[in-house]
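Ligands are counted one by one from 1 in listed order, and the atoms in each one are counted from 1 as well. All values reported here derive from a predicted model rather than from experimental measurement.
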Amino acid sequence: MRLVLVGPPGAGKGTQAQFVASHLAVVQISTGDIFRANVSQGTPLGKQAKEYMDAGDLVPDEVTVAMVKDRLGEPDVKTGFLLDGFPRTVPQAGQLDDILSEFGTKLDVVMELVVDDSEVIRRLSGRRTCRSCGHIWHVDFDPPTKEGVCDNCAGELFQRDDDQPATIQHRLEVYYEQTAPLVGYYAERGILVGIDAMGPVDDVTERASAALRRFTHS
Ligand code: ADP
Ligand code: AMP
């Protein structure tokens, strides 16, 4: 199964990706996570990406696509993957199609998480991420037992620099301008599935699983 999750920042892509990828037994590839790891390790890629990320802008397509192409060439991707946060522009989507056809394969399904802007702002404002295992928490909607500490691995939780109010607003604008057109791109190709991503995490996971079942059995 080769799957893409699309939706505004804070829609719950990373949260659902963790369940869906493990359910489908495919690797999760999150471009935001890869960029953040490179920034914190101070690699040349991280240095290129940092100023865009801090501003809430997209990293240029050529940098992002080259990174994803490398990742998709690795052996663990052969049996399938779930892409979270990529593609984010129509040119990225076209280049992803080209890369996959070079590898003799193609996308099976693109799942759009549909959520209101006001909910996105609530979700992003309280997001906390584990520095060790990457698990995503929320201070109100999915709080860890002990503030600042991951229940899964006792790692330290941090708030992303780009989850500040002004940057959140800008990232939403960037989403509607540059990423939302992907919905039409994939609908035209007949591989788009939209799900209601409002409501509790478990309900969204159930809707995502049901949509995938319908899609794979149709
Ligand atoms: P994205 O990857 O789309 O940016 P995340 O998965 O990181 O979004 O989720 C953003 C925040 O919203 C996180 O703090 C997460 O715990 C929380 N969250 C995710 N899904 C839900 C939901 N269905 N209800 C409430 N909070 C949620
Ligand atoms: P995310 O973790 O998906 O919210 O991504 C965090 C940031 O990483 C984004 O705001 C962008 O600056 C950058 N980024 C992640 N994925 C992409 C992408 N596909 N194209 C361009 N920039 C990206």
* So with a 6.0 Å cut-off around CD of E173, is the heavy-atom count from everything else above 12? ->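 Counting other residues, nucleotides and ligands, CD of E173 exceeds 12 neighbours.
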
* Does D161 CG have over 12 foreign heavy atoms under 6.0 Å away? -> no

* **Stepwise side chain to side chain contact (heavy atoms under 4.5 Å, CB included) check, V204 with T15** => CA-CA 10 Å; V204 180; T15 303; over 6 Å; no

Please tabulate, for the side chains in residues 184-201, all donor-acceptor contacts under 3.5 angstrom to protein atoms that are two or more places apart in sequence or on a different chain.
| unit_1 | atom_1 | unit_2 | atom_2 | d |
| --- | --- | --- | --- | --- |
| Y185 | OH | D97 | OD2 | 2.6 |
| R189 | NH1 | Y185 | O | 2.8 |
| D196 | OD1 | M198 | N | 3.0 |

* To do: Let me see the working for F86 and Q92 under side chain to side chain contact (heavy atoms under 4.5 Å, CB included), right down to the final yes or no.
  => CA-CA 8 Å; F86 181 90; Q92 287 183 12; 3.2 Å; yes

Separation between [atom1] of [X] and [atom2] of [Y], rounded to the nearest 0.5 Å:
X	Y	atom1	atom2	result
H138	R127	NE2	CZ	9.0 Å
F141	R123	CZ	CZ	7.0 Å
R160	L124	CZ	CG	7.5 Å

* Asked: Is a side-chain donor or acceptor of T167 paired with a backbone partner of D162 at a separation under 3.5 angstrom?
  ->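 Not at all, since once roles are kept as given, no pair shorter than 3.5 Å links the two residues.
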
Per-atom contacts of ligand 1 with [X], taking only distances under 4.0 Å to non-hydrogen atoms:
X	answer
K13	1 (P), 2 (O), 3 (O), 4 (O), 6 (O), 8 (O)
V201	20 (N), 21 (C), 22 (C), 23 (N)
W137	13 (C), 14 (O), 16 (O)
G14	1 (P), 2 (O), 6 (O)
P200	23 (N)

* Qualifying salt bridge (charged side-chain N to carboxylate O under 4.0 Å, His left out) pairs with a residue from residues 11-39, counting only residues at least two apart or across chains ->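 Sorted pair list: D33-R36.
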
* To do: Following the transitive rule for hydrophobic clusters with a side-chain heavy-atom cut-off under 4.5 Å over Ile, Leu, Val, Met, Phe, Trp and Tyr, establish whether V6 and V20 coincide in one cluster.
  =>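 Yes, it is one cluster - the side chains of V6 and V20 are joined through contacts under 4.5 Å.
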
* Do R171 and E177 meet the salt-bridge criterion of a basic N to acidic O distance under 4.0 Å? ->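 Looking at E177 and R171, the cut-off is not met.
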
With only distance considered, is [X] within less than 3.5 Å of ligand 1 through an N or O on each side?
X	result
R127	yes
L124	no
A197	no
A11	yes

* Measure the shortest side-chain to side-chain distance between V68 and I29 over non-hydrogen atoms and say whether it is less than 4.5 angstrom. =>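 SC-SC contact between V68 and I29 ruled out.
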
Which N/O atoms of ligand 2 sit under 3.5 Å from a protein N/O, and at what distances?
| unit_1 | atom_1 | unit_2 | atom_2 | d |
| --- | --- | --- | --- | --- |
| ligand 2 | 2 (O) | R36 | NH1 | 2.9 |
| ligand 2 | 2 (O) | R36 | NH2 | 3.0 |
| ligand 2 | 2 (O) | R160 | NH1 | 3.2 |
| ligand 2 | 2 (O) | R160 | NH2 | 3.3 |
| ligand 2 | 3 (O) | R88 | NH1 | 3.0 |
| ligand 2 | 3 (O) | R88 | NH2 | 3.1 |
| ligand 2 | 4 (O) | R88 | NH2 | 3.4 |
| ligand 2 | 4 (O) | R160 | NH2 | 2.9 |
| ligand 2 | 5 (O) | R88 | NH2 | 3.4 |
| ligand 2 | 12 (O) | D57 | O | 2.6 |
| ligand 2 | 16 (N) | T31 | OG1 | 2.8 |
| ligand 2 | 16 (N) | G85 | O | 3.3 |
| ligand 2 | 16 (N) | R88 | NH1 | 3.1 |
| ligand 2 | 19 (N) | G85 | O | 2.9 |
| ligand 2 | 19 (N) | Q92 | OE1 | 3.1 |
| ligand 2 | 20 (N) | Q92 | NE2 | 2.9 |
| ligand 2 | 22 (N) | V59 | N | 3.0 |

* **side-chain contact (heavy atoms from CB on, under 4.5 Å) partners for E102, two or more places apart** =>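 Applying side-chain contact (heavy atoms from CB on, under 4.5 Å) to E102 gives K69.
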
Please list the nearest protein heavy atom to [atom] with its residue and the distance rounded to 0.1 Å.
atom	result
atom 19 (C) of ligand 1	T15 OG1, 3.4 Å
atom 8 (O) of ligand 1	G12 N, 3.2 Å
atom 13 (C) of ligand 1	I136 CG2, 3.4 Å
atom 26 (N) of ligand 1	F141 CD1, 3.4 Å
atom 18 (N) of ligand 1	R123 CD, 3.9 Å
atom 4 (O) of ligand 1	G10 N, 2.8 Å

With a 4.0 Å cut-off on heavy atoms, does [X] reach ligand 1?
X	result
G7	no
G199	yes
P8	yes

* Asked: Where is the tightest heavy-atom contact between L58 and Y52, given as atom of each residue plus distance?
  ->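 Of all heavy-atom pairs spanning L58 and Y52, the closest is O-CD2, 3.6 Å.
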
